[in-house]
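Okay, so here's the structure we're looking at.
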Amino acid sequence: MISTLQKTIRHLKAVRVLHKPAVEVLKHPAPEDTVTASFGRFISEMKPQHLSPVVLQRSKRMVLDSIGVGLIGSTTDVFELALQHCQTHSMDFDDTWHPATHPSGAVLPAVLALSDMMPAHNKPSGLDFLLAFNVGIEIQGRLMRFSNEAHNIPKRFHPPSVVGTMGSAAACARLLSLDASRCSHALAIAASLAGAPMANAATQSKPLHIGNASRLGLEAALLASRGLQASPLVLDAVAGVAGFNAFYEDYVPQPLESPSDGGHMFLLEEQDMGFKRFPAHLGMHWVADAAASVHKVLVGVDPGTVSPAQVQDILLRVPQSKYINRPFPESEHEARHSFQFNACSALLDGEVTMQSFTPAAMSRPDLLSLLRRVRVEHPHDNPANFNRMYGEVQVTLVGGDILKGRCDTFYGHWRNPLTNESLRKKFRNNAEVVLPSEKVEMLVDVVEELDGLGDCRVLLSQLQ
Amino acid sequence: MLRKGITESFGAAIHALNTTQLTDGVINRSKRMMLDTLGVGLLGTRTAVFNKALTYSQLFTCEERSSVWGKSEMNLPPHYTAFVNGIAVHSMDFDDTWHPATHPSGAVLPALLALAETLPSRPSGLDLLLAFNVGIEVQGRLMRFSREAYNIPERFHPPSVVGVMGSAAASAKLLGLSPAQCSHALAIAASSAGAPLANAATQTKPLHIGNAARRGLEAAQLAQIGLEGNPAILDMHHGFGVYYKDYSPSAMAASGAFKWILEEQDVAFKRIPAHLGMHWVVDAALAARAKLQNTIGSFDLSQIRRVTLRVPPSKYVNCPLPVTEHQARHSFQFNACSALLDDKVSVASFSEAHISRPALRELLSKVKVETPPDNQPSFDKMYCEVEIETEQGHSHAARCDTFYGHWRKPLSQRHLVEKFSVNASSVLCTEGVEGVVEVIGNIERVTECSVLALYLRMTSNPQEELHCVNIQ
């Protein structure tokens, strides 16, 4: 009892003015045995020592990648239009997980912003920062495992808008050292801020889904820290009154065990992150790699560039997914969500890069010729699932020869992760558009040493 | 399934609707809605949830500022003004309700007033009235796209679904956006819609309206600077259709045969700060109580053996032993027993002291709830029956089909103004109260609608305000 009180007081000291006095905390009844309460406890009890070396390593890679894509994202139109925290998802260049979502973009900006907000004498250490970040990722992963629907390419709600908001709330609640009850309420408040329709994916609004997830999760945690309360059953499935399950057709929640019991393994340890090599929907990477292998053969056969005149027909065998099936994309956003466009770009150029999505590149006559020759098939054995899908590109040449390329696992997928070198190269390419190279190198070092930093302000100052 | 042109038609209509199309009927009804909304909002500025939101919102600063209602000197960035004032409106579940069910005004008026104060064009009262009605109309149209919307909700809280769309439409109207921008405002707003019902009957529920107001305004402003969403957002099942199990949208005309939904379907105004369903059960309980009183003379609780409520099935307002004020506002049982105990249900009935009274708890333990198959969970069709059984074995029952305040039995103008005055007087001085009544009463002739803000800040006790604000 006394040690609980001491623990409580320690937490309160960390949060200062944002907390009610200890006496009131003790007055509240112990949490019930609900899934929601278990999540609240989990967040509040998570400590730096629970982070394994693998999780530390993987999450630092995520932090670096996210900062890079965020920096380059700040050069986009949508960033100009919207608020600063939209930049991470503006080019669809950020990390992707399985089940599908873009976890880091929803969490990192909020954790950075909150760290910046905290008083100078109480700035979180690099390890506190990483802990909060990992809590935010973990909660997203756990929530997605509550439904089968989450395991397939989404049809209704855009996943970052659903779980991203919850992850951000969890991360911020952790950084604020809220007690278990307030952590639960943070999640519940966040649930009312979650959920955006898929129809806005592949539009200029899509990046706002991540920006809002980040900002609103932070808001939920701040409101919870001031005592706002919401449903204590938001994650549990209550018949007739939907909670978080409003966003899913099937939903079976599971409680989270307390990390203090020992034996908790972060999902990131079991399931690594996918990093993109070019700024487009994850599905594009399969067809790009498949088409690139055909390009190599074509160029080998007839050195020089690939000419549409050689090509009679292009057949793509891809999973069925309406919002990435676009024969003639008209905007850069649509191009990033088009199997056809990415396959043809890779066929023509040997790879898809950031430059592939410029207006000039998109309107090339050669590219348009190729696009006109594309057919799409959806084989039964090719599910709309990032863990099991493949991409096949079959090019029939004018002479009658057929060239086939197939990609089961693109380079950058969690089964075939980017090397640290490749990841840093991507980071440098992105960051150097915006920051001078000395700062870029400093950032690489700071993130590498993040868990050793006494004060995460070092990271913050490099970003400005 | 992709249908063409529905979103486009909405954008065109929002842009094209003009003041000449406002009929007397619609003007009359919408002015009543505005007055009621301001009254419940003012009262709501003294609630705990409002204060928490206010404290949070004070983190933010901005060059543009708008007036917080019920505070003599408080301004916030317009989005946060819309947020906190919207929360105030819904803080006690005292605001208007429509059919299909939503609370239409609280999502729209706070956004419009916050915006109006910052516009260099200084919109008139008529501009405000038009924009308000556009916001209401769009909500009404959207709810008619699904059968699900006609029943008491189970998944998403309706104001969080259609409210933000109404706010976006109204704000786009006041900003004078082009038809395309109006469509994009709706698309952007759709990504901010949808809060789960589980947060109703909690302290977070009012934020659904506050956020609807704020995020709709934000959507319109983002559209104004050129942000785009899906131009067919309303047409698609995986667009706005994601919030409904069945979804069948149709286009909106702006001229010719255009008729305001509000003209055909009025709103209900509440006499009690509780979920609309409670009004039926309270009226029935009061009537049953009167019958009991007429029969046996003085009313003695101990003579009650059982109270049976016959109500429509609705999990989120079926709460046998509420603990918080929010639960009490969403409890057939609580409201029936309060009516039986006190012979009335009012603002005061929901205080912690009242909720925890032993006599009330005892009566609550005698309540049984039945959900007859003919009692549909729809605000247009439901009824409530209260049957009191005494120890002697006698039964006294009464039924309410249409409570006073329902759209079938609207509050008289006198009672509406009375409700406003009682609410507003808790916060404003007499000059402020009368000023608001006057301005709203003549809104179509007012040159600058932001004059309202002046009256909404005429508090009666500046010292009391300060105390409220300092709560941490």
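In the text below, chain A, chain B and the rest are named by the order of the sequence lines, each starting its count at 1.
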Q: First locate atom OG of B:Ser57, then atom CG of A:Leu223, and finally report the distance between them rounded to the nearest 0.5 Å.
A: 7.5 Å

Q) Would B:Ile233 and A:Thr203 satisfy side chain to side chain contact (heavy atoms under 4.5 Å, CB included), going step by step from the backbone distance to the final call? A) CA-CA 11 Å; B:Ile233 192 72; A:Thr203 75; over 6 Å; no

Q. Which heavy atom of A:Gly243 sits nearest a heavy atom of B:Pro196, and at what distance?
A. O-CB, 3.0 Å

**Q.** Heavy atoms from other residues, nucleotides or ligands near CD of A:Gln320 exceed 12 (cutoff 6.0 Å)
**A.** no

Q. Between B:Pro153, B:Ser160, B:Gly194, which has the largest tally of heavy atom pairs under 4.5 Å with chain A?
A. B:Gly194

Q.
If I measure from the heavy atoms of chain A, does B:Tyr56 come under 4.5 Å with its side chain, its backbone, both, or neither?
A. both

Q) Taking B:His326, B:Lys245, B:Lys205, B:Arg215 one by one, which has the highest count of heavy-atom pairs under 4.5 Å against chain A? A) B:Arg215

Q. Measuring from A:Phe247:CZ to B:Phe156:CZ, what's the distance to the nearest 0.5 Å?
A. 5.0 Å

Q. Do B:Gln203 side-chain atoms and A:Gln229 backbone N/O form a donor-acceptor pair below 3.5 Å?
A. yes

Q: Could you have a look at A:Met198, A:Arg156, A:Glu219, A:Met117 and say which one has the most heavy-atom pairs with chain B under 4.5 angstrom?
A: A:Glu219

Q) Roughly how far apart are B:Asn51 CG and A:Arg226 CZ, rounded to 0.5 Å? A) 12.5 Å

**Q.** Check against side chain to side chain contact (heavy atoms under 4.5 Å, CB included), A:Leu216 and B:Asn211
**A.** CA-CA 11 Å; A:Leu216 296 172; B:Asn211 275 322; 5.7 Å; no

Q: Step through the shown structure and confirm whether more than 12 heavy atoms of other residues, nucleotides or ligands are within 6.0 Å of CD on B:Gln221.
A: yes

Q: Kindly indicate whether the side chain of B:Asn230, heavy atoms from C-beta on, has any atom under 4.5 Å from the side chain of A:Ser205.
A: no

Q: With rounding to the nearest 0.5 Å, note down the distance linking CD1 in A:Ile189 to CG in B:Asn199.
A: 8.0 Å

(Q) Please enumerate all residues that pass side chain to side chain donor-acceptor pair (under 3.5 Å) together with B:His157, with sequence neighbours excluded. (A) B:His208

Q: Output all residues satisfying ring-ring contact (aromatic ring centres under 6.0 Å, His included) with A:Phe328, sequence neighbours left out; order by chain, then residue number.
A: none

Q: Starting from the C-alpha separation in whole Å, work towards a yes-or-no answer on side chain to side chain contact (heavy atoms under 4.5 Å, CB included) for A:Ser231 and B:Thr204.
A: CA-CA 8 Å; A:Ser231 169; B:Thr204 287; over 6 Å; no

Q.
I'd like to know whether A:Lys322 forms a side chain to side chain contact (heavy atoms under 4.5 Å, CB included) with B:His238, so could you lay out the CA-CA distance, the side-chain angles of the two residues, the decisive distance to 0.1 Å, and finally the verdict.
A. CA-CA 11 Å; A:Lys322 263 206 311 211; B:His238 60 283; 4.1 Å; yes

**Q.** Atom pair CG/OG of A:Asn212 and B:Ser191 - distance to nearest 0.5 Å
**A.** 8.0 Å

Q: Could you check if a side-chain atom of B:His184 sits within less than 4.5 angstrom of a side-chain atom of A:Gln204, using non-hydrogen atoms only?
A: no

**Q.** Among the listed options A:Ala201, A:Pro197, A:Ala196, A:Ala194, the residue most often paired with chain B at heavy-atom distances under 4.5 Å
**A.** A:Pro197

Q: Check whether B:Ala187 gets within reach of chain A through its side chain, its backbone, both or neither, counting any heavy atom under 4.5 Å.
A: both

